[in-house]
Each structure stands twice: as structure tokens, then as C-alpha cells.
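Below, read A as the first sequence line, B as the second, and so on, with proteins coming before strands; counting in each chain starts at 1.
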Amino acid sequence: MSNMIQAAKEQVSELTRTAYEKAAAAGTLPGGLEIAATVEIPKDTRNGDYASSFAMSAAKPMKMAPRAIAQAMLEQLDLTGSYFDKAEIAGPGFLNFALGGKWYGDVLADIEGEGDAYGSIDEGKGEKVMVEFVSANPTGTMTIGNARGGILGDAMASILKKAGYNVWREFYVNDAGNQVEKFALSLEVRYLQLLRGENAAEFPEDGYHGDDIKELAKVFYEKFGDKYLDMEPAQRREDMKKFGLDYNIGKMKADLERYGIRYDQWFLESTLHESGDVDETVQLLVDAGYTYEKDGALWLRNTDFGADKDEVLRRANGFYTYYAVDIAYHRNKFLTRGFDRVIDVWGADHHGHALRFAATMSAPALGLQDKKLDFLIMQLVQLLQDGKEVKVSKRSGRAITLSDLLDEISVDAARFSFNAKPTSHLIFDMDLAVRQDSENPVYYVQYAHARICSLVANLAADGIQVPTAGHVDATLLVTETERELIKSMARLPEEVRLSARDYDPNRINRYLSALAGDFHRFYNACHIKGEEPALLAARLKLADSVRSVIATCLGLLGVSAPIKM
RNA sequence: GCGCCUGUAGCUCAGGUGGAUAGAGCAACUGCCUUCUAAGCAGUAGGUCGGGGGUUCGAGUCCCUCCAGGCGUACCA
């Protein structure tokens, strides 16, 4: 586990610090000052590979011109044995450092040594973290929004694991409560209508109108026939509920598996009711004096904890609200199962809930004040069809489902393009998706991988194998495209760290696109086959390292790395 | 009304702790396949960083304010 970028940065800090101390000792600079300088990577490589702002930060305390300070430091700078073979003063007083061959060789050796684990860091230190995502209602099929949540959550989980966290993927199944009763009722009516005609029973206004319920009723009928026609309604609904939930949950599992998404646990809400966790949690809130009764309902005084409104915990009809259950659920996550951190991936239509729930978390009696609950809020997916926006609604039954999406585009394309930055409004144009194939960025990345595989196979056919890093002279890799490529590969550990820190899995997409671009440029600029053996070996090693890094990153996103295209 | 998110090239977006001439991809235009995959490369064009103030050596980045869009503000989840 190493980070060659970090190593180089630290070396620049050390070199400048030492140079300053020497200059102070020599009397060319005022001594004894603590200078807070930054080391950065200049946008333009003409400004070196690394730049220190030391002289500029020191200008004020030293009461000297930045360039004069830089000059005094440069005179004392000793690059012997370092990663750098050149340093110079530029612009307003930057000290610019240029990397030498040793650093490039070390990066290649690093990638070889770590293999698939390359890019792994220990930022998480084994912290136990749960990523809860999708958690769609089992009352219907999953929408395109669930596709985004699934892809985003799964990629985030993989990245967190790469960053050193102990990751747990969870799907919360709302298999209890109000909406499940409505689901059972809707199913029952469809069943009766199926057997006795449309007018046999009136469909509830607030029921689930989608065709999927009709289909489900048909499936139920095919299995049980008219056996349930004259059954006692309460029992009938109960059995239908169980059947419908099992069926839909199985379908959700299958749909998500098509995307390569698997969970460690499908957590059933009903278990929280059965175990008494919900009763206990609500009682806890009552005992702590956080509640009051109004209009026959039990309310949580959430405004006391900074929320903009109070919440109903138990309805007048006796049912607990999702809110009460959610509190019990999070106590289960943190207190019963001992997660250090929980990340809930939610759509933007839940951000109000996220805010209010954060307030509830601070209520002392719950014992969750110091627990880390984070929300990964993603913007909603806008669906375009015939150039017009399609409003999706589960209730009305108008929705493009998650599995429909895969009928239009490949898993790879879906996983890459739906792993967009969470804060961006994702516009999905159905008409475009069909012909999106050749212009989708995922192919640009996969093509780089396939190209390298083909190249390696070609050379292998000529009896030339990819050399080990120890047999490669990296000082031969001196052109711009070769060095940029190595620098890009060296960035992965840092990209993983930032991606995990910011909960921004799309950072890996951007990284991959950039890396693939660096490779394609290298490939066009540099020949491999037919070059002098030493140069051929170095470039082949370079290309094969890129192949490995691309495959690793595509794996993080759940996208395949094809050998041939 | 109040709250959260967003606003950078025609489109989709990069631009960590403020740094050098604001960058990619797509679309447009011009070139490059008798040697490793042209799903590629090179180049051209495209910008009042939503508007206006402020902070300082320096602001796309920080602060204030206004404007526009999405979402929320249920005894739905």
C-alpha cells in the first residue's frame, strides 16, 4: 500500500524545509520561522511536476521578495538521491521540481507488486461501515431512479472497501406497515376482478394502479386458481400479501443481480416489529418526554432537536409511521449490530427527511448522538422520451423499470453512465440510449484495455513476454506521453481517497477516462513492436501496467474489462 | 414563505486545503490507417465561470446579496 504522489509531495516539503534551514544557517535567509507552504501539481507541466509555494508564503514574514527567497533556497537545494533531477524558480516565486527516472520506475514496480490491490489505501482503518441503498418498496417494480441508486451505492461500497473500510451492503425491505396493507388490498381487488369481472370489486383510490399489480394477480391465480375466491377476506389478504412480497422481493433480487449488484443482507422491516424494537424505541422516546399526543396520534417533538417540524410516530389508526420504524432501524444498525458508520443512499426527494432525521439522531435518550450517519443524496433522474420529459410515478403505474433499462443498453453502459456525480441532475434520453453505443465514454475506456490485451497477445505470439519491473529500465521512458501515463497511474490511491472522502464514486469514471486518454495518446505516439529490446520491454511493461490499473478500476464500478472489442 | 441541491464552451461535466494562460468528452470543421485494434490520434473553433458587491499580493474556488431551475416542507415512504 503506497502512494507515490504522496511520497513525492512529502519529499518536496522536506527538500524545501532543509534548503530553508541551510539558507538560514548560511545567513542568506532569516531563521527560526514556521512557514506554511503548499506543494501542488502544476496544471502545465512546463512548470515542473511539483511546485512549492514556500517562497511566496514566506514573503510576508521574511519581508523579502518571493523570487529572492526562492533563489537563496535554490542555492542550498540538494537533489542527490531524491526523486527529482531538476529544480528551478518560476513565475511569482514558485520552486518547480521535475521528476527523474527513479520515480517512474518505482511506480511501475509498485503496480506490479500490488496487482489487483493497487490503489488500496488504509484510510478507513477497518472501520465498520454500512451502505444502505436502493431499499425500494416491494410493492412494485423498481424504477430507473432505483437503477441509479443501485449503481451508485454499489460503486460507493466498492470504493470504500478499496479505501480500507469494512463494508456491508444492505437493502432495507419495507415489508410492513400502511403501504403494504394497501398493496395487499390492491392485489385482492385485481384478483377478484380477474375472476368475476371489472365490476366485481371497486379499486381503492389510493391503491397501486400499475399494471404490475394486475400481472401479479394473474400469477397468483395461475398458482392457486379460484381457491381464494370465497376465503375469509382478512386471511386472503394476509396470504396475498406474503405471496406478493415474496414474489416482488425475488424479482428485485434478480433484477439487481443483472447489474452485478449483490447485498450482504436484505433486512426486513417486519423483523423490527416482531422483535419489539419499534415498541421499545417509541417507549424510550415517550419515557424521555420527547413526545406528545395530538388528534389521537403520537408526535415526536423533533423541533426540540433543531428540525423544522415535529413528526408523527404512531398514527391515530394505531400504525407506526415509517419515521418511528426508521429510528428503530438506525438504533439496530448502530447499537445492535455495531456499525461505526452508516451511509444511506437516498434520492433528492428524501433530503427533507435526511435533514429532520439528522436532528432526531441528536436526541440524547436514543444513544446515537456520537454515531456517524451520512446521507448520499442523489438528484433525481429525468427521463426523456420523444424529446419530452416523462413523469414517473409508481402510483399511476407510469414508470420505466430498472430491467427495461437493460433491454435498451448494456450493463456496462448502464453502470458507467449511471454512476454520474450524485449532485448532478441526470437526464436519461431513452431515444439516445439505443444509439449511444459508439459515443459512450465507457467504450473509450474499455477499448484501451482491449487494445493492450491484443498488443500483449501479439507480442506473446512472437515470443516476447511482459517483463518484470526489475528487468525494466524506466529511464528510457522519457517522452511526454510515457511520463504522463505513469503519472496518471500513480494518482489512483489519491483518487480512491478523495472518492471515498467525498462520497463521489463518479471520480473513478473521470479518472478512467483520463487514464484511457493518456494511453491512447501514448499508443499513437510510441511504437512498441519492433523497437530496440530495452525500449520495447519498458514500453510493454508500461502498457501492461495500464491494462492492470484499468481492469482494477472498471472492477470497482462493476464494468467488464473486455479482452477484445 | 422557509429549507436543501444545482448554475463554468452549443450539450454533459472537470476544476481538493484560494495560485501561474479556466480544462476534458460529445457535437462542428480540417488532417492521419503498406508495422502493435481508426470504438483511436493530431489540430481548428467555441467562455462577461448565472448577475452584482466584498475579503487580498492573487477568487471559478471564501463571505454577503440578488436571479434562475430541481426537490422538500403528509397521520406517504
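- Remark: A:Arg415 engages A:Asp154 in a salt bridge (charged side-chain N to carboxylate O under 4.0 Å, His left out) (not counting sequence neighbours).
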Reading 5' to 3' and counting Watson-Crick or G-U wobble pairs with both distances under 3.5 Å, write the dot-bracket notation for RNA chain B, | for bases paired outside the strand. (((((((..((((.....[...)))).(((((.......))))).....(((((..]....))))))))))))....

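- Here A:Ser270 pairs with A:Asp175 under the side-chain hydrogen bond (donor to acceptor under 3.5 Å, both in side chains) rule; sequence neighbours left out.
- Residue A:Ser424 places at least one side-chain N or O closer than 4.0 Å to OP1 or OP2 of B:rC13.
- With sequence neighbours left out, the side-chain hydrogen bond (donor to acceptor under 3.5 Å, both in side chains) criterion links A:Lys86 to no other residue.
- With hydrogens and angles left out, the side chain of A:His350 and the base of B:rA77 share a donor-acceptor pair within 3.5 Å.
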Report each atom pair, protein N/O against N/O of nucleotides 16-20 of chain B, whose distance is under 3.5 angstrom.
{"from": "B:rG16", "atom 1": "O2'", "to": "A:Arg501", "atom 2": "NH2", "distance (Å)": "3.4"}
{"from": "B:rG16", "atom 1": "O6", "to": "A:Lys9", "atom 2": "NZ", "distance (Å)": "3.1"}
{"from": "B:rG16", "atom 1": "N2", "to": "A:Arg497", "atom 2": "NH2", "distance (Å)": "3.4"}
{"from": "B:rA20", "atom 1": "OP2", "to": "A:Lys43", "atom 2": "NZ", "distance (Å)": "3.1"}
{"from": "B:rA20", "atom 1": "N6", "to": "A:Asn96", "atom 2": "OD1", "distance (Å)": "3.2"}
{"from": "B:rA20", "atom 1": "N1", "to": "A:Asn96", "atom 2": "ND2", "distance (Å)": "3.3"}

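- Screening A:Asn302, A:Thr291, A:Thr303 for a side chain to side chain donor-acceptor pair (under 3.5 Å) involving A:Asp310 leaves a single residue, A:Thr303.
- A heavy-atom distance below 4.0 Å to RNA chain B is reached by none of the residues of residues 534-549 of chain A.
- Between A:Arg356 and B:rG3 there is no side-chain polar atom (N or O) within less than 4.0 angstrom of OP1 or OP2.
- If you take atom P in B:rC2 and the same atom in B:rA45, they sit 47 Å apart, rounded to whole Å.
- Residue pairs meeting the side-chain hydrogen bond (donor to acceptor under 3.5 Å, both in side chains) criterion with at least one member in residues 534-546 of chain A, sequence neighbours excluded: A:Glu112-A:Lys541, A:Glu482-A:Arg539, A:Asp544-A:Arg547.
- Between the side chains of A:Asn419 and A:Asn509, at least one donor-acceptor pair of N or O atoms lies under 3.5 Å.
- Nucleotides B:rC57 and B:rA14 place their C1' atoms 28 Å apart, quoted to the nearest Å.
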Nucleotide by nucleotide, nucleotides 32-37 of chain B touches protein heavy atoms under 4.0 Å in the pattern (B base, S sugar-phosphate only, - none) ---BBB

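- Checked against salt bridge (charged side-chain N to carboxylate O under 4.0 Å, His left out), A:Asp295 has no partners two or more places apart in sequence or in another chain.
- Remark: A:Asp344 engages A:His330, A:Lys333 in a side-chain hydrogen bond (donor to acceptor under 3.5 Å, both in side chains) (not counting sequence neighbours).
- The side-chain hydrogen bond (donor to acceptor under 3.5 Å, both in side chains) search around A:Glu311 returns A:Lys309, not counting sequence neighbours.
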All N/O donor-acceptor pairs, side-chain side in residues 487-501 of chain A, below 3.5 Å, sequence neighbours left out:
{"from": "A:Lys487", "atom 1": "NZ", "to": "A:Asp49", "atom 2": "OD1", "distance (Å)": "2.5"}
{"from": "A:Lys487", "atom 1": "NZ", "to": "A:Glu484", "atom 2": "OE2", "distance (Å)": "3.1"}
{"from": "A:Ser488", "atom 1": "OG", "to": "A:Glu484", "atom 2": "O", "distance (Å)": "3.2"}
{"from": "A:Ser488", "atom 1": "OG", "to": "A:Asp518", "atom 2": "OD2", "distance (Å)": "2.4"}
{"from": "A:Arg491", "atom 1": "NE", "to": "A:Glu495", "atom 2": "OE2", "distance (Å)": "3.2"}
{"from": "A:Arg491", "atom 1": "NH2", "to": "A:Glu495", "atom 2": "OE2", "distance (Å)": "3.4"}
{"from": "A:Glu494", "atom 1": "OE1", "to": "A:Arg497", "atom 2": "NE", "distance (Å)": "3.2"}
{"from": "A:Glu494", "atom 1": "OE2", "to": "A:Arg497", "atom 2": "NH2", "distance (Å)": "3.0"}
{"from": "A:Glu495", "atom 1": "OE1", "to": "A:Arg507", "atom 2": "NH1", "distance (Å)": "3.1"}
{"from": "A:Ser499", "atom 1": "OG", "to": "A:Asp504", "atom 2": "O", "distance (Å)": "2.9"}

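- Within 90° of 0 lies the glycosidic angle of B:rC33, which makes this nucleotide syn.
- For B:rA14, one of the phosphate oxygens OP1 or OP2 lies less than 4.0 angstrom from a side-chain nitrogen or oxygen of A:Lys421.
- Base contact: A:His425 has a heavy atom under 4.0 Å from a base atom.
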